[in-house]
Amino acid sequence: MLVLSGIAIVILGFALRLNPLVVVGVAGVVTGLAGGSSLTGVIETFGRAFAENRYVGIVWLVLPVIGLLERAGLRERVQAMIATVHAVTTARMLLAYLLLRQITSALGLNALFGQAQMVRPLIAPMAEAAEERYGPITTATRMEIRAYAAATDNIGLFFGEDVFVAIGSVLLMKGFLQQSGYMVAPIDLALWAIPTAIAAFVIHGARLLFLERRLKRARAVAR
Amino acid sequence: MITLEHVYLLTGAMFAVFAIGRALDRRSARRWRSAAFWGIYALSFLAGSHLSDLVNGMILVVLVVLAASGLATADDAAPLAERREAARRNGNRLFVPALTIPVIVLLVTVFAKHLHIGTAALVDPAHTTLVAVALAVLVALALGCALLRVPLLAPLREGRRLMEAVGWAAVLPQTLASLGALFAAAGVGRVVGQLVTQAIPMTNGSIAVVTYTLGMAMFTVIMGNAFAAFPVMTAGIGLPLIVGRFGGDPVIMSAVGMLSGFCGTLMTPMAANFNIVPAALLELPDRNGVIKVQIPTALVLLAVNTALMAVFVFKR
């Protein structure tokens, strides 16, 4: 039971809005100690895992390219372009990205797009510009559109990638079931991801259309 | 062969340049603290594979302490008028480097198995995607500098500006992944699994299904990762009850169960790379802004998953 104290620290820390990095560090040390390790042992386990998980930080390599392009006016160019295409609205643009993200992930190309290389430089500015065409937007609206852009990327990725047979989660399931004595084919696991993938598109798509309606109403009030 | 280690060296070099850039900026407050933070993170990438576990652990401790004491704020972006003028001058050429990244990633992932130097593969087959991203960035950088006629230092300066806007949140995903390893070593999963199965009477299949899907989502919220929740919940409820006692199909149980876990990923700050980092990247004032938008989609989808499993898992 004592090993659950780390979870309590995490929940409490996030609820009190303390610096998450500190919360996670403390939770790790407490959990390790409660599990019977020495302090040096905990720091060693933490260190080994930190070094093994460095691949998570590789995504930052993209930032110099994005920074360069933003300095050279990419966001402004995107916004000027979207302003001339009247068929593009915030919801339609995000719906198209949702579909594209789901399909490419389902084909195993989940690194093709992402938050740093796609959402920040292109998708979010396009979604904002599609609404700005009707006049200046409030900061709250801008931030809501950005949050929707980031959410659309996540949802497209999560509920597309499992349709691909060789993705980590499918292989994890196959491996775990095999260890437990059940032989299953990855293709069957992937096929059973399709109903949820369709549901994710319908549900999030509907929410994007609701967002559009809300934006339209706000526009009418402002006028 | 290009391996993950080469990509780490490249990433480490980038962070080292960020650290030097910050240290050279005499006007900035807290410049040494920030320079130390990025410099030590660079060290982790450059030498982490050769350092002892204890030293790697001390690196993490120092990063946490520096982050808690407050880092320098990012430099301001170039003025809007300047960027507009640049946008007019550069026109659609701006899209070339941006779209180069996905194109190169696509090409490398598809064709990597056919590229060889002698008998050795050009790209480490175990890490194709990560190597592909690194190669794509290098090509996009070269193209960007050539097409937009900027000095090589410009992307590094602008990259540092974006990185410092993200700040300490940059190391949060990696730290959370390490916390997962500590939780696993201490046996947190086993204890949670026992608690859940003891607390809920499993008298019929539907109760088992609901407990399993909600348990996957909730445990993922706590751990920040459906991969950590899956073995615990499946060994605790999925296999012994849904499959064993009530005769359900292990394929449908696993596939839909994992996706129920993904619904949890959408709702938790513990999944920092998906939820907290984008909020920082997009400069949202609310750290949880992305999560708040995702929660309704996640809850409805979790209900759909539960219904899907309840209807189909027991049919043969």
Side-chain angles (χ1 to χ4, degrees), chain A residues 3 7 14 19 21-22 24-25 28 31-32 35 43-51 53 55-58 61-65 67-69 71-74 76-77 111-112 115 117 120 143 146-148 150-151 154 158 169 173 176-177 180 182 184 188-189 192-193 195-196 199-200 203-204, chain B residues 11 48 53-54 56-57 60 64 67-68 78 83-84 86-87 90 94 98 101-102 105 129-130 137 140-141 144 148 155 158-159 162-163 168 172-175 177-179 181-182 186 188 222 231 239 250-252 254-255 258-259 262 269 274 278 281-282 284 289-290 293-294 297 300-301 304:
Chain A
V3 292
I7 294 178
F14 276 105
N19 184 320
L21 205 53
V22 179
V24 170
T31 303
I43 293 177
E44 279 175 346
T45 313
F46 234 149
R48 185 166 54 245
F50 191 69
N53 283 299
Y55 69 89
V56 178
I58 289 175
L61 272 179
V62 177
L63 290 190
V65 181
L68 167 71
L69 295 177
R71 174 71 188 80
L74 179 63
E76 287 68 28
R77 178 67 202 156
L112 213 52
Q115 302 283 359
Q117 71 264 45
R120 155 110 198 187
M143 294 307 157
R146 284 185 186 179
Y148 264 92
N154 282 338
F158 292 2
S169 52
M173 287 188 267
F176 183 79
L177 291 174
S180 318
Y182 296 91
V184 302
D188 291 332
L189 290 167
W192 271 98
T196 304
I203 293 165
H204 198 64
Chain B
T11 313
D53 292 343
L54 187 61
N56 276 320
L60 178 54
V64 170
R83 295 200 313 262
R84 284 217 172 110
N90 290 317
L94 283 163
I101 297 181
V105 170
T129 315
L130 294 170
V137 164
L141 262 186
L148 310 171
E158 297 297 323
L162 295 184
M163 192 73 264
W168 51 259
L172 187 58
Q174 204 179 323
T175 314
S178 317
L179 180 66
L182 270 168
V188 171
I222 293 170
L239 287 174
V251 169
I252 300 174
S254 308
M258 181 65 92
L259 292 164
F262 286 5
F274 298 114
L281 264 176
L282 295 171
L284 302 187
V290 177
V293 166
Q294 289 173 166
T297 300
V300 177
L301 199 52
V304 169

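Just so it is clear, the structure is predicted and the values come from calculations on it, not from any experiment. Order of the sequence lines sets the chain letters (A, B, ...), proteins ahead of strands, with each chain counted from 1.
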Greatest number of heavy atom pairs closer than 4.5 Å to chain B - which of [options]:
options: A:Leu177, A:Leu63, A:Val22; result: A:Leu63
options: A:Asp188, A:Val56, A:Leu112; result: A:Leu112
options: A:Phe50, A:Trp192, A:Tyr148; result: A:Phe50
options: A:Ser169, A:Ala150, A:Ala200; result: A:Ser169
options: A:Thr196, A:Val184, A:Val62; result: A:Thr196
options: A:Gly35, A:Gly67, A:Gly25; result: A:Gly67

Considering all heavy atoms of both residues, which atom of [X] and which atom of [Y] are nearest to each other, and what is their separation?
X: B:Ala67; Y: A:Leu21; value: CB-CD2, 3.5 Å
X: A:Ala147; Y: B:Leu284; value: CB-CD1, 4.0 Å
X: B:Ser178; Y: A:Asn53; value: N-ND2, 4.0 Å
X: B:Ala68; Y: A:Asn19; value: CA-ND2, 4.1 Å
X: B:Val137; Y: A:Leu61; value: CG1-O, 3.3 Å
X: A:Ala51; Y: B:Gly48; value: CB-O, 4.2 Å

Legend entry - Plane angle bin for A:Phe158 and B:Phe274 - parallel if under 30°, tilted between 30 and 60°, otherwise perpendicular: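 Taking A:Phe158 first and then B:Phe274, their aromatic rings stand perpendicular (interplane angle over 60°).
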
Legend entry - Passing option when A:Arg146 is tested against B:Leu282, B:Leu281, B:Val293 for side chain to side chain contact (heavy atoms under 4.5 Å, CB included): B:Leu282

Legend entry - Candidate list A:Leu69, A:Val65, A:Leu68, test side chain to side chain contact (heavy atoms under 4.5 Å, CB included), partner B:Pro155, passing option: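 Only one of A:Leu69, A:Val65, A:Leu68 forms a side chain to side chain contact (heavy atoms under 4.5 Å, CB included) with B:Pro155, namely A:Leu68.
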
Legend entry - Which portion of B:Ile101 sits near chain A, non-hydrogen atoms under 4.5 angstrom: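 Only the side chain of B:Ile101 comes within 4.5 Å of chain A.
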
Counting heavy-atom pairs under 4.5 Å to chain A, which of [options] comes out on top?
options: B:Pro102, B:Ala177, B:Ala78, B:Gly144; result: B:Pro102
options: B:Arg83, B:Gln174, B:Met258; result: B:Gln174
options: B:Leu148, B:Val300, B:Val304, B:Thr129; result: B:Val300
options: B:Pro231, B:Gly289, B:Ala98; result: B:Pro231
options: B:Leu259, B:Leu239, B:Val290, B:Leu130; result: B:Leu259

Legend entry - For A:Phe14, all residues meeting ring-ring contact (aromatic ring centres under 6.0 Å, His included), sequence neighbours excluded: none

Any non-hydrogen side-chain atom of [X] less than 4.5 Å from a side-chain atom of [Y]?
X: A:Arg48; Y: B:Asn56; answer: no
X: A:Ile43; Y: B:Asp53; answer: no
X: A:Arg77; Y: B:Asn90; answer: no

Inset, instruction - To the nearest 0.5 angstrom, please state how far the CD1 atom of A:Ile7 sits from the CD1 atom of B:Ile222. - result: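 If we round to the nearest 0.5 Å, A:Ile7:CD1 and B:Ile222:CD1 are 5.0 Å apart.
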
Legend entry - Value rounded to 0.5 Å, distance of CD1 in A:Ile203 from CG in B:Leu301: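 That separation rounds to 4.5 Å.
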
Inset, instruction - Show the numbers, then the answer: is there a side-chain contact (heavy atoms from CB on, under 4.5 Å) between A:Arg120 and B:Leu162? - result: CA-CA 11 Å; A:Arg120 155 110 198 187; B:Leu162 295 184; 3.3 Å; yes

Inset, instruction - Heavy-atom distances under 4.5 Å only: say whether A:Tyr182 touches chain B with side chain, backbone, both or neither. - result: side chain

Inset, instruction - With a 4.5 angstrom heavy-atom cut-off, could you sort out which part of A:Phe46 is near chain B: side chain, backbone, both or neither? - result: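 Looking at A:Phe46, backbone and side chain both touch chain B.
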
Inset, instruction - Step by step, work out the salt bridge (Lys or Arg N to Asp or Glu O under 4.0 Å) result for A:Glu76 and B:Arg84. - result: CA-CA 6 Å; A:Glu76 287 68 28; B:Arg84 284 217 172 110; over 6 Å; no

